[in-house]
Amino acid sequence: MLDLKILGFLDDGPLHGYELRRRINELGGPGSHLSEGALYPALARLEKAGMLTRTEAPGARGRARKVLTITTAGRERLHELLREPSESAIASMPSFLEHLAFLSHLPDAAARRAVLERRLDVLTGEPPAFFYDDGRPRRASQEEDPYRLGMIRVAGASRRAEIIWLREMLAAPAEAVRPAAPGGATTTPEES
């Protein structure tokens with residue numbers, strides 16, 4: 001997933017490492033922390049693979065900064081990652097949301113639609129259970145612990161909201177859902 005985030009943010013436009021790290025941490029939400037020890041080796045690997053370039057640019061107080069830019073190969077890899085998310089990226093809400101953050105970068109409307117359909121299939125299947133009794137999932141009506149019940153209710157509400165959004169996106173004609181220019185958001189006609 002780190003490659004997806006790096007390439008996705010660089011597809012928005014060139015960035016220096018510090019700004020890229022800040023954006024990745026913000027995408028992860030409160031408590032998220034990507035260390036330099038994780039980011040910089042990944043950047044070196046992607047650069048060696050020809051997916052990004054580093055150039056020097058003037059920085060604050062005359063110090064040169066390394067500016068990272070996605071290459072054509074990097075953009076192709078980003079599109080591949082977006083087109084073919086793993087089963088775990090589709091099934092896990094946090095992973096899917098990170099994937100969704102860059103889905104508008106995928107130029108093929110049919111491919112974007114296929115990703116959304118896969119996610120909808122997961123959500124409309126058997127509801128997940130957090131707790132089990134003798135191998136059987138415990139439902140909200142059976143939960144006595146008020147905090148666990150709260151967890152189940154919040155997860156259920158989020159799931160229902162996402163299903164509604166996915167169905168709206170999939171019901172819209174492909175040409176009505178416009179992918180954003182780099183750095184922007186995907187919009188439907190009603191939002192324009």
Side-chain angles (χ1 to χ4, degrees), residues 1-13 15 17 19-35 38-39 42-43 46 51-52 68 70 74-130 140 148 150-172 174 176-188 190-192:
M1 286 299 275
L2 184 54
D3 287 4
L4 174 72
K5 292 179 246 185
I6 291 169
L7 296 172
F9 280 123
L10 292 179
D11 201 34
D12 286 340
L15 296 168
E19 178 63 16
L20 177 62
R21 185 169 161 239
R22 185 185 66 75
R23 290 184 187 191
I24 290 171
N25 282 328
E26 286 175 352
L27 179 64
S32 176
H33 177 73
L34 174 66
S35 70
L39 177 62
L43 292 174
L46 290 170
M51 294 186 199
L52 62 87
L68 306 163
I70 194 168
R75 192 166 285 112
E76 288 170 1
R77 176 66 178 143
L78 172 63
H79 293 170
E80 179 185 327
L81 291 169
L82 290 169
R83 252 191 326 273
E84 301 166 12
S86 68
E87 289 302 316
S88 63
I90 290 290
S92 161
M93 178 178 269
S95 295
F96 183 71
L97 291 177
E98 289 177 350
H99 198 87
L100 196 58
F102 303 108
L103 197 57
S104 66
H105 292 256
L106 188 57
D108 180 9
R112 290 191 309 270
R113 181 179 184 83
V115 170
L116 298 181
E117 287 171 343
R118 283 181 61 199
R119 177 66 178 169
L120 183 60
D121 286 346
V122 167
L123 293 176
T124 55
E126 184 65 28
F130 297 106
R148 288 182 177 185
M151 179 181 159
I152 293 167
R153 286 182 177 167
V154 168
S158 177
R159 185 170 181 257
R160 287 186 297 278
E162 188 178 351
I163 289 170
I164 290 167
W165 177 79
L166 286 165
R167 286 181 173 155
E168 288 171 355
M169 290 295 288
L170 292 169
V177 180
R178 298 183 302 275
T186 301
T187 60
T188 59
E190 299 80 40
E191 298 169 325
S192 299

Test of understanding: with salt bridge (Lys or Arg N to Asp or Glu O under 4.0 Å), list the residues that count as partners of [X], not counting sequence neighbours.
| X | answer |
| --- | --- |
| E19 | R22, R23 |
| D121 | none |
| R118 | E87 |
| R113 | E117 |

Can you tell if the side chain of [X] reaches within under 4.5 Å of the side chain of [Y], non-hydrogen atoms only?
| X | Y | result |
| --- | --- | --- |
| I90 | H99 | no |
| V122 | F96 | no |
| L10 | L46 | no |

Roughly how far, to the nearest 0.5 Å, is [atom2] of [Y] from [atom1] of [X]?
| X | Y | atom1 | atom2 | answer |
| --- | --- | --- | --- | --- |
| I164 | L123 | CD1 | CG | 11.5 Å |
| R75 | L52 | CZ | CG | 11.5 Å |
| L100 | W165 | CG | CH2 | 4.5 Å |

Using the test side-chain contact (heavy atoms from CB on, under 4.5 Å), find all partners of [X] that sit at least two apart in sequence or belong to another chain.
| X | value |
| --- | --- |
| R77 | L7, M51, E80, L81 |
| M93 | L97, R119, S158, E162 |
| A129 | Y132, P137, R139 |
| T124 | L120, I163, R167 |

Not counting sequence neighbours, which residues clear side-chain hydrogen bond (donor to acceptor under 3.5 Å, both in side chains) with S88? List them please.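 For S88, the residues satisfying side-chain hydrogen bond (donor to acceptor under 3.5 Å, both in side chains) (neighbours in sequence not counted) are S86.
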Taking every non-hydrogen atom, the tightest pair across [X] and [Y]:
| X | Y | answer |
| --- | --- | --- |
| L82 | L106 | CD1-N, 4.0 Å |
| L39 | G17 | CD2-O, 3.8 Å |
| L2 | A38 | CD2-O, 3.8 Å |
| H105 | G8 | CE1-O, 3.6 Å |

Set out, in order, the CA-CA distance, both residues' side-chain angles and the distance that settles side-chain contact (heavy atoms from CB on, under 4.5 Å) for H33 and R21, then state yes or no. CA-CA 9 Å; H33 177 73; R21 185 169 161 239; 3.3 Å; yes
I6: which of L34, L20, L68 passes side-chain contact (heavy atoms from CB on, under 4.5 Å):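 The side-chain contact (heavy atoms from CB on, under 4.5 Å) with I6 is passed solely by L20 among L34, L20, L68.
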Residue pairs passing the salt bridge (Lys or Arg N to Asp or Glu O under 4.0 Å) test where at least one lies in residues 96-111, sequence neighbours excluded: K5-E98
Go through F9 and L15 one step at a time and tell me if the side-chain contact (heavy atoms from CB on, under 4.5 Å) criterion holds. CA-CA 8 Å; F9 280 123; L15 296 168; 4.1 Å; yes
